[in-house]
Protein chains: 2
Amino acid sequence: MKISWDDMQTVLAMVRGGSLAAAGVELGLSYTSVARRIHRAEQALGRPLFERRPEGYQATEEAHDIARAAARMEAEEQAVLRRLSGRAQDLQGPLSLTAPPLLIQSFLAPLLAEFTAQNPQVELTVRAANGVLDLARREADLALRISRHPQDTLVGRKLAEQQSGFFAVPEIAERAALDPQAPLDWVLYSGHEAPPAAARKSHPDIRVRARLDDMPSMIAAALAGMGALRMPVFLAHSHPGLVPLPHLPLQPYAPIWLLSHRDLLGSAKLAALKGVLEPWFRDNKHMFSSLP
Amino acid sequence: MKISWDDMQTVLAMVRGGSLAAAGVELGLSYTSVARRIHRAEQALGRPLFERRPEGYQATEEAHDIARAAARMEAEEQAVLRRLSGRAQDLQGPLSLTAPPLLIQSFLAPLLAEFTAQNPQVELTVRAANGVLDLARREADLALRISRHPQDTLVGRKLAEQQSGFFAVPEIAERAALDPQAPLDWVLYSGHEAPPAAARKSHPDIRVRARLDDMPSMIAAALAGMGALRMPVFLAHSHPGLVPLPHLPLQPYAPIWLLSHRDLLGSAKLAALKGVLEPWFRDNKHMFSSLP
DNA sequence: CATCGAACATGCGAAAACGCATGTATGAAG
DNA sequence: CTTCATACATGCGTTTTCGCATGTTCGATG
């Protein structure tokens, strides 16, 4: 009636992943070893933790109980690792940043290049992700997020207000300017029901040609002449092939936040990266608030 | 910047024990392996956790932080093990009981013999200890304690009220009865400042011959004619060589409690042992409340 | 009905972790 | 000053753990 902490972690991974293979990936082990650890834990506890079904392992109530305890243990582990990282005063070792891919591509890349050049000892990992990574679980040390309401438990500051505009290839834009009543093709983001109200008001006859869930693809579609779209103005700076639709004003867009976990506030590496990000955004405010 | 859970446990044992050897004993490992694990953890974290001093390892602040987190993880582990044990419905496997040595020797032994005979599959471990074992850490599943105020977080019931009396070899007892004013030798428990007030009142001229911190030793001293003593009456039943001092009434003594952890209430093994202990005490109340 | 992939069992050689024996340094005790 | 105990370092052979390759079962798919 005892259990090793590593085996508790294995049970947690197994309950989370649902299969030996998935648990193995999470733990960085082969699924064979996961099976052996589960078996060893069952021996030590004197009772089965998983039912061997033809379709795979099925966790018992006991396994779920162990997994819940292990999840709380994992939170302790992550918290102490954060505190240790936060205490590190040397500009050396791993550091991770997550940001929207488009922001990296069109704005951040030169700055990051400079940062890594000036801090060769820092091993910077950039995770280009639109999803929200979990900073508490250390999926990243620092996050750049475009959001109106950034997460509560994190500390952060607003780096830049943003404006969005309406853009299209010059032919479409000129036609729309000449006759606002004429049909106007539109490329819509999948998350939105309809084109923005301001556009619908100026151009009553908007036809949605396609809905896409990926901004680069939407830009490609617009560049191919598929229609007009709404996008934050900073993207217009790197896409001269798209011009603003006349008569349509800029609209507020979600601002850009820089977020990190409290425990990491003392980290020198983090401070260094913040220290270059903040002036970079301050000195280039116009990229986010006005047209090229 | 990562750490295995087993290594966190090793850091905890190291901080607790203060030396590689002590940590090795706690973990059931050789101290060599403890040293290797510490070294591995320091490599993985990229910083030292212990200073190597001539007189041994000295934990850094980082090591203490990890140890604090590991202690909370240990609490989770122990809690889940308790819950698993509490769920066990079979009369089989390990079961541990702690009780004061004197209670076992003079009252409990026959009952425990019968219990193990009737439950051969249960591996009963009896920890004879006067100290208070930690039931939360599963140092024992069930505890018999002589106390006026048993611990809060545990569930328990009072098994017996107790009386104490004053005893000595017959010669001393008779002499004291004939002339209460005469000098009376006394054997005193180290924890007490002076003989009980009731005894001092009846016998003004009490001389403390020795103070001892161990009841069996005190009884041996009394049997050797060193003096009178106070003890719970149940001990008088198994020591006919000591007789009560006349003119002195019985006095209340701390009752006997049966305690266990909430999480273990559902355990069949525990219920079985409780089920024999309770009637055993009920049917033998007189052993604790009246003279032989 | 045949095929394919997902999920797990099993056996074997490689890698990692471990225990033991030996050696060194320090501090306490005679 | 010598002796002894404590605490740790290091090297070596053994045990345990691991990854990979192979085989089996089940269910989905065409």
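Only a predicted model underlies this, so the values are computations on that prediction, with no experimental measurement involved. A, B, ... follow the sequence lines: proteins, then strands. Residue 1 opens every chain.
The interatomic distance linking B:R53 (CZ) with C:dG27 (P) rounds to 12 Å, in whole Å. C:dA17 atom C1' lies 11 Å from atom CG of B:D7, rounded to whole Å. Distance CD (A:E51) to C1' (C:dC8): 16 Å, rounded to an integer number of Å. In this structure, B:I38 atom CD1 and D:dA9 atom C1' are separated by 15 Å, rounded to whole Å. Spacing between atom NE2 of B:H39 and atom P of C:dA16 amounts to 15 Å, rounded to whole angstrom units. Across the protein-nucleic acid pair, A:Q58 atom CD and C:dA7 atom P stand 13 Å apart, rounded to whole Å.
Between A:R82 and A:D141 there is no salt bridge, since none of the side-chain N atoms of the basic residue sits less than 4.0 Å from a carboxylate O of the acidic one.
Residues A:K274 and A:L265 meet the side-chain proximity criterion, which asks for heavy atoms closer than 4.5 Å.
Residue A:L133 holds its CG atom at 12.0 Å from CG of A:L142, rounded to the nearest 0.5 Å. The NE2 atom of B:H64 lies 7.5 Å from the CZ atom of B:R68; values are rounded to the nearest 0.5 Å.
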### Query
When every nucleotide of nucleotides 16-30 of chain D is labelled 5' to 3' by its protein contacts under 4.0 Å (heavy atoms), B for base, S for sugar-phosphate only, - for none, what sequence of letters results?
-SBBB-----S----
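What you find for A:S19 and A:A22 is that their closest heavy atoms are OG-N, 3.1 Å.
Judged by distance alone, the side chain of A:D185 and the main-chain N or O of A:R209 form no donor-acceptor pair under 3.5 Å. Side-chain atoms of A:R47 do not come within 3.5 Å of backbone N or O of B:A88 as any donor-acceptor pair.
Listed pair B:Y57 / D:dA9 meets the phosphate criterion, a side-chain N or O lying under 4.0 Å from OP1 or OP2.
The stretch residues 10-23 of chain B comes close to DNA chain D through B:S19, B:L20, each having a heavy atom under 4.0 Å from the strand.
When B:H39, B:R40, B:R37 are each tested for a side chain to side chain donor-acceptor pair (under 3.5 Å) with B:D7, only one passes: B:R40.
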